[in-house]
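The next block holds one structure in the form of structure tokens; read it before the comments.
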Amino acid sequence: MITAEQHEKLRGWFAGRLPDDLFESLGEVTVDREEITVVGRIPEPRLAESASDAEREAAVGSRIQEFRERTRDARVAVAREAEHRFGKKVSWGVECGAERALFTHVAAPVMTRLRQPQRQVLDTLIAAGVARSRSEALAWCVRLVERHADDWLTELRDSLEHVQRVRAQGPDGPEPQDTTPPTDNPTDPSAEASDEAPTDTPDGRPADN
């Protein structure tokens, strides 16, 4: 994490270094250990008031693409200076009307150790088909936390438990066990009913990386 003053200096550097005609205004400058992301606002395309939503969406998309191609050299020059000065990669994005688009940016691997309650969260997502691996489930969780709390995950667990109960009642469910209590054999006083239940063996599949 950087201090508020360091962030203001970083934003000020970009505000002073960016060409005046690059953005209408500088929107966001965000930073972490690996990357600086610079997002600016660009002009919306001029359309008739009667233009349909589909026409507006296509026009904004092409305006963003045109900006990306036209300004590539200027942005590369700024990024090189910033990377040399701050030691971080620079990524870019734009806002055009209500649309926000991020260009190619860093996807940094993050290694972490999780205890059983956190691993169970990831395994719930895998079992529900939301993710294919623990690493994919972890990335999904981070995106979800950006927008929501954990209420949806609780609801998903409840739904998954209901599905498992329904499956257990189907024809492929476990065989019903004989619950009749054992009777002692009067001719064999050494015969005793065992009170040990079979122990389930844990799943030996390797954890996802």
Side-chain angles (χ1 to χ4, degrees), residues 1 28 30-35 37 39 52-58 60-61 64-65 89 91 93-209:
M1 294 290 292
E28 297 178 6
T30 56
V31 60
D32 64 6
R33 290 185 297 178
E34 294 84 13
E35 182 180 23
T37 302
V39 179
S52 65
D53 291 341
E55 183 179 354
R56 292 183 183 278
E57 181 179 354
V60 169
I64 291 173
Q65 186 62 32
K89 292 293 184 181
S91 300
V94 296
E95 294 177 345
C96 184
E99 185 72 17
R100 178 186 175 94
L102 294 178
F103 305 155
T104 303
H105 50 283
V106 175
V110 179
M111 302 298 292
T112 185
R113 294 181 181 272
L114 300 177
R115 298 189 183 277
Q116 188 179 53
Q118 289 79 46
R119 297 196 303 269
Q120 288 175 334
V121 171
L122 305 184
D123 292 342
T124 299
L125 295 172
I126 295 170
V130 174
R132 294 171 295 180
S133 65
R134 282 182 171 178
S135 58
E136 186 175 308
L138 184 59
W140 188 92
C141 287
V142 173
R143 293 192 297 270
L144 183 68
V145 170
E146 290 180 329
R147 294 172 290 179
H148 304 288
D150 59 353
D151 294 340
W152 186 87
L153 189 60
T154 301
E155 183 178 352
L156 178 61
R157 282 201 184 110
D158 294 341
S159 300
L160 182 59
E161 290 175 357
H162 175 70
V163 170
Q164 291 173 338
R165 288 196 298 268
V166 173
R167 285 178 178 172
Q169 296 170 2
D172 295 331
E175 294 291 335
Q177 298 180 357
D178 186 4
T179 58
T180 304
T183 57
D184 293 334
N185 186 349
T187 63
D188 185 3
S190 64
E192 296 181 357
S194 174
D195 60 355
E196 291 185 5
T199 303
D200 294 334
T201 58
D203 188 352
R205 292 179 299 173
D208 295 310
N209 292 325

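Excluded from the calculations below are hydrogen atoms, water molecules and symmetry mates; all remaining heavy atoms, backbone and side chain alike, are included. Numbers here are sequence positions counted from 1.
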- Message: Counting C-beta onward and ignoring hydrogens, is there a side-chain heavy-atom pair between V121 and L114 closer than 4.5 Å?
- Response: no
- Task: Measure the shortest side-chain to side-chain distance between T37 and V106 over non-hydrogen atoms and say whether it is less than 4.5 angstrom.
- Result: no
- I would like to know whether V94 and F103 meet side-chain contact (heavy atoms from CB on, under 4.5 Å); could you show each step before the answer? CA-CA 8 Å; V94 296; F103 305 155; 4.0 Å; yes
- Nearest heavy-atom neighbours spanning C141 and L125: SG-CD1, 3.5 Å
- Check A131 against E136 and note the closest heavy-atom contact, atom names and distance. CA-OE2, 3.5 Å
- Query: salt bridge (charged side-chain N to carboxylate O under 4.0 Å, His left out): which pairs involve residues 111-128, sequence neighbours left out?
  - Reply: D123-R134
- Query: With a cut-off of 6.0 Å (strictly less than), are more than 12 heavy atoms of other residues, nucleotides or ligands near CD of E57?
  - Reply: no
- Task: Output the distance between atom CD (E95) and atom CD1 (I64), rounded to the nearest 0.5 Å.
- Result: 9.5 Å
